[in-house]
4 protein chains.
Amino acid sequence: MAKGLKSESGAESASRTKPGRTARPKFRRRAKARPDEVLDAALDLFMEKGFAATRVEDVAQRAGISKGTIYLYFPSKEALMEGLIHRALSPIALKAVNTIEMLNVDPRTILKALGGMVGKQLSDPRVVAIPKLVIRESANFPELAAMYRREVIDKAMPSLIKLIERQVRSGRFRPVDPELAVRSMIGPIAIHLLLDEVFGIVPEGGLQMDKFIANHIDILFNGLSATPEQEHE
Amino acid sequence: MAKGLKSESGAESASRTKPGRTARPKFRRRAKARPDEVLDAALDLFMEKGFAATRVEDVAQRAGISKGTIYLYFPSKEALMEGLIHRALSPIALKAVNTIEMLNVDPRTILKALGGMVGKQLSDPRVVAIPKLVIRESANFPELAAMYRREVIDKAMPSLIKLIERQVRSGRFRPVDPELAVRSMIGPIAIHLLLDEVFGIVPEGGLQMDKFIANHIDILFNGLSATPEQEHE
Amino acid sequence: MAKGLKSESGAESASRTKPGRTARPKFRRRAKARPDEVLDAALDLFMEKGFAATRVEDVAQRAGISKGTIYLYFPSKEALMEGLIHRALSPIALKAVNTIEMLNVDPRTILKALGGMVGKQLSDPRVVAIPKLVIRESANFPELAAMYRREVIDKAMPSLIKLIERQVRSGRFRPVDPELAVRSMIGPIAIHLLLDEVFGIVPEGGLQMDKFIANHIDILFNGLSATPEQEHE
Amino acid sequence: MAKGLKSESGAESASRTKPGRTARPKFRRRAKARPDEVLDAALDLFMEKGFAATRVEDVAQRAGISKGTIYLYFPSKEALMEGLIHRALSPIALKAVNTIEMLNVDPRTILKALGGMVGKQLSDPRVVAIPKLVIRESANFPELAAMYRREVIDKAMPSLIKLIERQVRSGRFRPVDPELAVRSMIGPIAIHLLLDEVFGIVPEGGLQMDKFIANHIDILFNGLSATPEQEHE
DNA sequence: AATGAATGAGACTTCATTCAT
DNA sequence: CATGAATGAAGTCTCATTCAT
């Protein structure tokens with residue numbers, strides 16, 4: 001459905017078959033940036049069509065090189081996937097979390113700062129792409145999912161849980177289950193992106209990551225209820 | 001080594017073949033149930049390995065029939081996918097939502113009821129499987145994603161939005177952006193499932209969908225903050 | 001995935017390329033003789049061009065089937081090679097040797113009988129092909145060479161050695177080194193075939209396996225020297 | 001055929017490249033030896049894995065140079081093969097045979113001398129490698145097999161045949177068929193090597209080429225039979 | 001209706017060869 | 001002279017789909 005010809009424009013008009021052996025568009029670049037360029041191309045395509053539906057040749061073409069060249073830098077198609085995750089994980093630099101963890105100030109301030117950072121990060125398609133890819137291909141690359149979990153989730157989640165625990169203990173948060181509360185904290189952000197990326201559903205006025213996060217934090221802290229005297233159930 | 005011929009014997013010579021055929025080794029199921037059994041098998045496998053990595057023969061095998069028979073009921077592999085979504089969508093019966101929509105009672109009561117239903121539904125792996133599949137394969141089956149959106153999301157979301165709008169208007173909810181607030185409402189449920197399905201991350205004590213939803217609704221209504229006199233910021 | 005609609009119809013109009021979908025030269029034979037036919041084809045081609053230079057498609061073509069069908073019976077190209085050797089080894093039936101081994105009669109009679117058998121066997125190209133193949137590809141298929149050695153050589157050589165030993169002990173043979181003498185016995189046959197197969201060198205009048213073996217046995221028993229009273233060296 | 005080396009020579013003209021170039025990080029071997037080193041490497045590898053399974057890069061690596069450099073001396077991979085045979089054939093110097101041919105002395109002396117030479121030659125792996133290679137790759141390089149035949153076999157065999165003929169005529173050899181008798185003469189040597197190289201079968205105590213050849217010549221002259229008064233069949 | 005043998009387009013990967021540096 | 005990055009033809013293998021039985 002709707003894939004149709006490769007139809008890269010169709011402007012070639014005349015030209016016809018052999019685009020001319022005369023033209024020598026062979027680039028001979030020094031290899032150095034190559035692996036990264038290849039990964040960039042791969043990421044684009046894996047996101048666009050999924051790992052399985054992307055041909056190595058597609059990646060090559062998008063990277064502006066030939067099929068064989070890919071194999072100069074990556075031993076297999078799978079290695080592209082792995083390289084992608086590895087590259088993204090190295091500088092994960094979620095020191096933000098660590099930092100946050102140490103702060104002992106007003107949680108609202110902390111979360112607002114954290115929300116701002118996360119919001120900024122997630123506004124970069126390149127960044128969202130990685131977890132999205134991991135989720136999508138997790139069944140075929142359980143190792144990668146595990147690694148992502150180890151490197152990212154298992155680092156971030158406990159920090160947040162501890163943050164909540166501390167606030168509960170200090171009486172600044174109501175006595176909620178920290179492990180479940182975390183989900184109330186991060187879930188909305190995930191669904192916000194998901195609705196956009198998968199279904200093209202965006203609130204009026206665009207994604208507005210910042211505004212959305214602010215709105216969410218507000219609800220998170222104050223709840224939806226208008227009256228302070230909530231039932232104690 | 002020694003893979004060699006598959007040729008199991010070759011001695012069958014006479015015996016078999018022709019007449020008698022009294023013995024019918026396989027019970028023929030009612031042909032009526034076939035398509036459904038095929039879809040069940042397909043769903044299992046698509047979830048397990050993804051659409052691309054699942055071979056039609058795998059589906060046949062799991063359904064207990066032969067490869068060719070699949071094509072008696074479905075014209076192509078893609079049709080399996082489509083059939084899967086169609087089957088799931090028909091009885092989507094989210095009239096629950098509609099019902100909810102009409103109620104004009106205390107929102108907490110509404111959401112609790114709704115939460116209970118959703119929680120029950122989502123405890124059935126068969127049910128979660130569909131949206132998960134749609135999400136995973138959305139890039140390759142944009143039509144299906146669109147259909148899912150049309151049939152499910154575009155029906156549920158507006159209902160919830162309206163619900164919130166009404167509560168805000170009536171003063172029972174603080175003045176939040178309804179469109180964004182919905183995300184705060186449903187996101188946590190999504191992440192709860194996602195963490196489980198993709199990364200195998202489950203809170204201590206299991207998924208506990210019910211408990212989790214209750215916890216979430218509590219936070220949603222009352223917020224995390226302990227003191228009612230929130231900053232006026 | 002994503003081949004697009006099947007119906008690339010539209011194009012039928014101007015015929016063109018596609019050599020006619022009308023012609024239906026599809027053979028639909030019952031699978032049973034297939035593996036053997038495939039091996040026959042493979043043997044031909046491996047002999048003709050070597051394993052590496054033979055494409056699976058070549059084998060298929062010669063067997064009158066399609067590329068994919070090969071893989072219905074053999075899991076890989078290497079498996080063809082293995083299947084080939086296995087098939088040849090099963091009925092190796094070198095009981096001839098065993099039989100010979102028991103005889104305790106005049107060695108000349110034994111060898112003549114043996115020579116006759118071997119000569120007959122080796123006149124069949126199908127039979128010579130196997131050791132030739134093993135020799136040629138031994139570097140790439142050490143397992144197969146080892147197996148051939150185990151199944152054939154290690155069975156035949158000791159028999160011959162024992163035969164010679166016994167004759168020496170009984171005084172009918174001069175005191176030669178049996179292990180080396182075997183080589184004087186079988187070597188000429190090997191070179192006879194080798195000269196033919198590799199270099200196309202054939203004695204005047206053709207291979208004449210029988211005549212050659214007779215001539216060789218004569219020399220083997222009587223030596224080249226004309227007079228019994230050889231130089232006194 | 002006969003592409004062979006790209007005419008090493010001619011190029012020497014302008015001596016070295018530029019002038020200065022004081023710092024030479026790597027010791028440049030005399031470029032003169034290069035082609036030979038490449039051929040040495042190629043021979044090793046072709047013997048080890050066969051022509052097809054040897055990559056040009058492997059050859060380069062073993063020769064301690066880069067892939068591209070190979071093509072400075074040989075226009076193609078095939079040319080390596082050809083160069084190999086050519087190099088081996090030039091000094092084939094089987095004048096030994098010629099020499100032998102003239103001798104008109106006692107054949108036993110002749111053969112012993114000849115056997116000694118051949119035995120010495122064949123103890124050098126580098127020497128045996130060539131015919132082995134020719135045999136192995138004869139199907140893919142018929143030209144080379146033909147050349148080898150022309151240059152080696154067609155020179156050696158007739159000499160031996162004539163030698164036998166003369167001895168038969170002079171009454172020193174029994175009336176055997178010279179053409180076939182040659183095979184009885186050289187075959188054992190071939191099988192001796194073959195058993196070793198292909199199947200790793202060696203007599204107790206090692207190859208012992210000398211001892212083996214002596215043993216063989218003994219059998220050849222005197223036959224296996226112990227009694228001089230052989231049956232006249 | 002059901003089967004599974006057969007097909008062949010297409011994908012991944014290798015490697016001989018070229019050529020800018 | 002040398003290098004090794006780059007290329008792309010070609011080969012192995014897979015699998016959706018067809019169809020005779």
Side-chain angles (χ1 to χ4, degrees), chain A residues 24-32 34 52-60 64-78 80, chain B residues 17 26 28 31 34 52-60 65-80, chain C residues 1-3 6 24-32 34 52-60 64-80, chain D residues 11 14 16-18 21 26 28 31 34 52-60 65-80:
Chain A
R24 249 343 159 53
K26 285 181 185 177
F27 299 122
R28 209 52 82 100
R29 222 178 322 162
R30 280 291 60 68
K32 187 42 76 69
R34 273 292 151 70
T54 299
R55 290 171 315 167
V56 172
E57 182 146 30
D58 295 337
V59 179
I65 59 182
S66 81
K67 201 175 13 169
T69 304
I70 300 270
Y71 288 89
L72 241 41
Y73 301 102
F74 299 89
S76 71
K77 191 186 175 188
E78 291 210 355
L80 283 178
Chain B
T17 45
K26 287 178 188 173
R28 297 245 184 247
R34 276 289 161 70
T54 298
R55 288 171 309 162
V56 172
E57 181 144 32
D58 295 337
V59 177
I65 59 180
S66 83
K67 196 172 19 166
T69 304
I70 299 268
Y71 285 86
L72 243 40
Y73 300 105
F74 299 88
S76 74
K77 191 186 175 189
E78 294 207 355
L80 283 176
Chain C
M1 219 263 270
K3 264 79 72 77
K6 188 183 315 180
R24 250 343 157 52
K26 284 182 185 176
F27 299 122
R28 210 51 82 101
R29 224 182 314 169
R30 280 288 63 64
K32 189 41 73 66
R34 273 293 153 68
T54 299
R55 289 170 316 163
V56 172
E57 183 145 32
D58 295 337
V59 178
I65 59 181
S66 81
K67 198 176 15 165
T69 303
I70 300 270
Y71 288 90
L72 241 40
Y73 301 102
F74 299 90
S76 72
K77 191 185 174 188
E78 292 209 357
L80 282 178
Chain D
R16 287 298 166 61
T17 34
K18 285 294 176 290
R21 281 262 202 130
K26 289 177 187 172
R28 300 255 180 231
R34 276 286 162 72
T54 299
R55 288 171 308 163
V56 172
E57 180 144 33
D58 295 336
V59 177
I65 60 180
S66 83
K67 197 173 16 168
T69 305
I70 299 266
Y71 286 86
L72 245 36
Y73 300 105
F74 300 89
S76 72
K77 190 185 175 188
E78 292 209 357
L80 283 176

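Both backbone and side-chain heavy atoms feed into the values below; hydrogens, waters and symmetry mates do not.
In terms of heavy-atom proximity, A:K77 sits nearest to A:V56 at CG-CG2, 3.8 Å.
Atom CD1 of A:I70 is separated from atom OG of A:S66 by 8.0 Å, given to the nearest 0.5 angstrom. Expressed to the nearest 0.5 Å, how far CZ of D:R34 lies from OH of D:Y73 amounts to 5.0 Å. In this structure, D:L80 CG and D:E78 CD are separated by 10.0 Å, a value rounded to the nearest 0.5 Å. The line from CG of B:D58 to NZ of B:K67 is 10.5 Å long, rounded to the nearest 0.5 Å.
For E:dA1, neither phosphate oxygen OP1 nor OP2 lies less than 4.0 angstrom from any side-chain nitrogen or oxygen of B:R34. Put simply, A:T69 has a side-chain N or O that comes within less than 4.0 Å of OP1 or OP2 on F:dT7.
The nearest heavy atom of DNA chain F to A:G68 and to B:A53 marks one nucleotide each, and the one closer to the 5' end goes with A:G68. Of the residues near DNA chain F, A:I70 and C:E78, the one whose nearest nucleotide (by heavy atom distance) lies more toward the 5' end is A:I70. Mapping D:K67 and A:V56 onto DNA chain E by nearest heavy atom places A:V56 closer to the 5' end of the strand. Each of C:S66 and A:E57 was assigned the nucleotide of DNA chain E with the nearest heavy atom; the assignment lying further toward the 5' end belongs to C:S66.
Which of F:dT12, E:dA6, F:dT7 sits closest to the side chain of C:Y73 comes down to E:dA6. The D:Y71 side chain lies nearest to E:dT18 when the options are E:dT18, F:dT12, F:dT3.
In this structure, CD1 of D:I65 is placed 13 Å from C1' of F:dG4, rounded to the nearest angstrom. Atom-to-atom, CG of A:L72 to P of E:dT13 comes out at 14 Å; the value is rounded to the nearest Å. Distance CZ (D:R55) to P (E:dT17): 14 Å, rounded to an integer number of Å. Atom P of nucleotide E:dT14 and atom NZ of C:K77 are separated by 15 Å, given to the nearest angstrom. If you take CG of B:L80 and P of F:dT17, they are 9 Å apart, rounded to a whole angstrom.
Taking a pair to require two hydrogen-bonding distances under 3.5 Å in either a Watson-Crick or a G-U wobble arrangement, F:dA10 pairs with E:dT13. Nucleotide E:dG4 has F:dC19 as its partner under the Watson-Crick or G-U criteria, with both atom distances under 3.5 Å.
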